[in-house]
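Proteins come first, then strands; the chains are lettered A, B, ... in the order of their sequence lines, and each starts at number 1. Given the structure is predicted, the values throughout are model-derived calculations rather than measurements.
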Amino acid sequence: MKIKSLQSKIFILVVSLFTAVLILNVYSVFTAARKQAELLIEARLNVGKKVVIDELLTDQKNFDLNVGTIAQDWGFRQALGQQTDTESLINIMQNHIQRISGDFAFVTDLNMEVIASTSTIDPSILQQLQHEDVAPSTTSSISLALLNNKPFYISSSTVKAPIEIGYIFVGKVFDSSIFTRLEEQIDLGISLVKLKDNGNSGVFSTMPSLLAAQNDNKVKPFSSFSSMKPSENTTQIVEWNQKTYIAVSFPLNTGNSHSAHNQLIMVLHDSLSEAMSSLNRFWVDIVPFFFVGILVALIGAFVIARSITTPVTRLLNATRYVANGNYSKELEIKQSGELGELIHEFKNMQTAIVARENEIKKQSLALQENEKIKFEAEIAHKERELAEEATKTKSQFLASMSHEIRTPLTSIIGFSETLKNRNIPNKDKNSAIETINRCGNHLLNVINDILDVSKIEARKIELEVIDTPLLPLIDEVRQLADMLASNKDINFHLELQFPLPKYIATDPTRVKQVLINLVSNAIKFTESGNVNLEISFNTKAQTLIFSVLDTGIGMSSEQISRLFSAFDQADTSTTRKFGGTGLGLYICDQLSSLLGGKIQVTSQLNVGSEFQLTLPYTQTNDVTLVSNLSDANDLFITQASQAEIPTLSGKVLYADDNEDNRRLVSYLIKQTGAKAIIVENGEQAVEQALANEIDLILMDMQMPEMDGLEATEMLKSLGFSKPIIMMTANIDKDSIEQCVASGADDHFGKPIDTQKFHLLLSKHLTHDINHNVEKLSDLDDYDEMVNQFLAGLTDTLHNLTQAHHLHDKQTMLNILHQIKGSAGSFGYQNLTNKAAKLENEIHSQNEENTEKQMNYFLTQIKQIIEGNQ
Amino acid sequence: MSEISVLIVDDVSNMRSLLASSLRSLDITNILEASSSLDAIEIYQNKKSDIIFLDLQMPKVDGFEALKQIREINNNAFIVIVSGENSIINVKKAIQLGANGFIVKPYKLGKIQEMIKKLNAHQKK
């Protein structure tokens with residue numbers, strides 16, 4: 001990387017130097033070319049000026065000579081001297097000007113008073129001529145006058161006879177074609193300009209656009225010219241029409257008194273811009289050279305940069321090799337000078353290092369060889385020992401597990417077989433059911449433990465860390481502990497040492513699992529005395545400490561050391577005596593380290609044990625601390641008194657494909673006084689939910705035909721507004737997400753816990769304290785069914801009335817059919833008879849009789865309902 | 001809240017007047033009635049009622065066809081099926097065609113109330 005940057009630095013330096021020199025050169029060439037162009041134009045202007053003046057002067061001289069011949073004409077002089085009539089004077093002059101191609105002539109006396117003229121002389125012309133001071137002069141010079149905006153050569157001569165008697169003036173139109181000819185000759189623009197005080201005006205120009213533009217007030221192309229003496233070689237630079245012109249000007253009517261007023265000047269000009277445009281050719285010529293130059297600079301720069309960096313790179317690479325411990329890479333010396341020397345010195349150093357390195361290697365190899373042999377032997381020994389031990393504990397575990405599973409299963413199978421016998425007394429029946437229930441629960445615990453262990457072993461336990469209210473969690477543990485303790489002669493105490501955090505971020509399920517396990521262990525191993533759960537918060541270490549203390553059998557230090565290993569309980573006989581898989585503490589230990597905490601044990605044989613769970617306190621958004629017991633009591637979830645079954649009213653729809661579950665749930669719902677509609681799949685659930693006034697739906701998640709999720713989705717999309725609870729055996733993340741996605745309001749875990757189930761019902765149904773119905777559990781089946789039938793009569797009455805009102809014969813027949821088939825069974829034979837009669841009436845289409853009978857029938861049902869209330 | 005406008009579609013006049021009287025008891029009086037699907041579609045094209053109570057079993061053009069066509073006129077229409085047929089096939093079809101509610105005859109007033117509540121939520125969206 002560094003080499004690269006060095007190379008690019010050199011490269012950039014050389015290229016930029018070269019480019020700078022090139023640009024300077026090009027600039028100076030350009031400036032010189034411009035100066036050259038200016039000088040060239042100036043020289044041409046001066047040459048042109050000379051040519052033009054010579055040309056015009058020659059014309060003027062010829063004209064002057066011709067006019068001289070008139071003045072010397074004897075006839076003319078005589079006519080003038082004798083004061084002959086003006087007509088003959090005019091005739092003579094006319095003849096002369098015809099000869100010399102003049103345009104007009106006139107003769108004056110010495111006071112410049114006109115005596116005769118070939119054409120009418122405008123007094124202003126005379127005045128102008130006087131003003132121009134064209135009085136005959138000896139020196140020959142160009143004399144041009146602008147008459148009626150037309151340029152004229154003017155020539156004059158003195159008339160003598162022999163004394164001076166007057167002056168003759170002859171004018172000849174200036175032939176502008178001369179300009180065209182001159183322009184070709186000198187290759188310069190020619191303009192004739194009249195100087196005026198209030199801005200010059202062009203009279204003629206070889207560039208017609210210049211003349212046209214002078215009427216534009218903004219441009220005024222001639223305005224900047226002024227008169228210069230012909231001898232002066234001064235040029236003027238004029239900007240016009242986005243072009244630069246260089247011009248030279250000189251006067252045409254030379255006289256003695258030259259005021260700027262009305263003076264006529266000649267301007268020669270050439271465009272510098274046009275001259276410069278030819279320089280563009282120069283650019284086209286120079287560009288290839290420019291690029292070749294840049295290319296040469298690039299190649300040169302690259303070569304120079306390379307020549308420096310290549311050896312440096314090689315040195316650097318060699319250094320890297322050495323740094324990595326590879327000394328064998330030989331360096332070639334190609335360079336001479338400083339770089340070559342550097343490489344040479346590096347080589348020497350390399351050789352020295354290689355020698356030393358080899359020496360060290362040889363010595364360490366010999367050392368290693370010895371150590372390795374010893375070490376390998378030791379490892380092989382240890383591994384063998386560990387493998388043997390693991391195999392032993394695993395087979396022990398398998399034996400223990402199969403025992404654990406078989407024992408309750410034996411009871412379940414055995415007692416359920418005795419139940420098949422219908423003749424056994426009720427007392428035995430109840431005790432058998434009790435045992436089956438207990439063994440079933442135990443089996444469930446065993447299987448849960450085994451599943452947990454296998455998950456831990458496979459490292460597949462995922463924590464679900466959420467903001468958890470601490471006190472309700474503790475309260476749940478307390479409720480369970482209270483219940484367990486009350487079954488034995490033990491006092492359970494919960495001791496909270498304030499302040500305690502209101503919320504912690506943790507996995508509540510796992511924390512609860514650990515605490516429940518520790519507490520139930522303590523209760524299990526304590527025959528009499530106390531079990532305490534103490535909770536405190538170490539604000540310094542930011543840890544929560546849960547201590548479970550018991551006055552139980554305690555453990556020896558040897559037992560403690562094996563306490564937390566899987567598949568290994570303190571004593572296999574303990575399992576027999578106290579039950580349990582021996583996996584509980586192993587699971588607790590693993591879970592608490594997953595949660596970032598640890599479990600410590602202190603115990604004394606026959607005195608008691610203390611299990612202390614320490615968890616790190618991870619704070620949530622709410623860092624409130626609870627500081628006294630009364631605050632804490634507010635936070636405990638208000639617990640429903642355990643054994644009490646709530647008295648509820650409402651209609652619950654339950655869908656499950658499993659018949660046993662249907663029977664159980666139906667029983668549990670009816671226990672509370674609520675009504676139950678039980679169906680077998682999602683499709684039926686949808687149909688019933690739409691057709692009835694349902695207050696709560698419980699839905700199994702997995703069902704044939706249509707599952708609970710799809711049914712829930714359908715109902716929610718049709719605006720079903722009552723709560724739908726998903727019942728599911730798998731409460732993993734996926735299932736819960738599916739529940740939420742389907743629109744279910746909540747989920748409920750299976751197998752069904754009676755207490756929790758009643759809590760769920762009382763949460764969603766109306767508490768009906770005034771409803772004075774006796775508990776179904778206290779009634780026998782028949783009474784239950786009678787009551788149900790009577791309760792259903794209200795609905796029947798409503799439906800029948802509605803159907804009657806709508807003349808809906810089919811519905812009426814359906815309802816009547818139901819009454820006919822059921823009323824008699826519940827002691828209302830009269831209703832059955834009436835319903836049968838009405839059915840016949842409807843079939844016979846006797847409207848009048850039907851109406852009469854129906855009204856009577858409806859009144860009778862009303863009376864039964866009222867009598868029952 | 002501005003007054004809710006209702007379109008009742010049922011071929012049985014008794015059924016329509018029963019529902020209308022139920023609605024009036026909920027203080028909803030802006031009620032239009034149609035006795036066939038074709039009438040309903042024409043009426044809806046002229047006046048977009050806030051909620052449509054639609055019977056399924058009607059002669060000639062059934063409620064499903066009306067549901068489909070009203071959806072085409074206004075994709076945001078709020079349509080409640082009112083049917084004596086609550087078989088799952090009908091319910092599924094109604095959902096596929098985008099029904100917003102399904103009331104089974106005979107019904108209680110509460111169901112109608114629930115649908116009005118749901119309509120309010122729907123309109124707020």
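Contacts of Ala689(A) with chain B are made by backbone atoms alone, with heavy-atom separations under 4.5 Å and no side-chain atom involved. With a threshold of 4.5 angstrom between heavy atoms, Glu713(A) does not approach chain B through any atom at all. Both the backbone and the side chain of Lys108(B) come within contact range of chain A, each with at least one heavy atom under 4.5 Å from a heavy atom of that chain. With a threshold of 4.5 angstrom between heavy atoms, Lys92(B) approaches chain A through its backbone and through its side chain. Proximity to chain B (any heavy atom under 4.5 Å) is restricted, for Asp795(A), to the side chain, taken from C-beta onward.
Other residues, nucleotides and ligands contribute over 12 non-hydrogen atoms within 6.0 Å of the CD atom of Glu693(A). The number of heavy atoms from other shown groups lying within 6.0 Å of NZ (Lys60(B)) does not exceed 12. With a 6.0 Å radius and a threshold of 12 heavy atoms from other residues, nucleotides or ligands, Lys722(A) has its NZ atom above the threshold.
Panel note: side chain Lys111(B), backbone Leu690(A); a donor-acceptor pair is recorded below 3.5 Å. Counting only distance, with no hydrogens or angles, the side chain of Asn86(B) and the backbone of Glu687(A) share a donor-acceptor pair below 3.5 Å.
The distance from the NE2 atom of His805(A) to the OG atom of Ser17(B) is 6.0 Å, given to the nearest 0.5 Å. Note that the NZ atom of Lys105(B) and the OG1 atom of Thr811(A) stand 9.5 Å from one another [nearest 0.5 Å]. In this structure, CD on Gln96(B) lies 11.0 Å from OG on Ser717(A), to the nearest 0.5 angstrom. Note that the CE atom of Met714(A) and the CZ atom of Phe102(B) stand 9.0 Å from one another [nearest 0.5 Å].
Of all the listed residues (His807(A), Gln810(A), Gln684(A), Glu683(A)), the one sharing the greatest number of non-hydrogen pairs under 4.5 Å with chain B is Glu683(A). Between chain A and the residues Ile88(B), Ile81(B), Val104(B), the most heavy-atom pairs under 4.5 angstrom are made by Ile88(B). The candidate from Asn692(A), Leu715(A), Val686(A), Leu806(A) with the greatest count of non-hydrogen atom pairs under 4.5 Å with chain B is Leu806(A).
Between Lys118(B) and Lys716(A), the shortest heavy-atom distance links the atoms NZ-O, 4.3 Å.
Gln802(A) has its side chain within reach of Leu18(B): a pair of non-hydrogen atoms, C-beta onward, lies under 4.5 Å apart. At a threshold of 4.5 Å between non-hydrogen side-chain atoms, the residues Asn100(B) and Leu718(A) do not count as touching.
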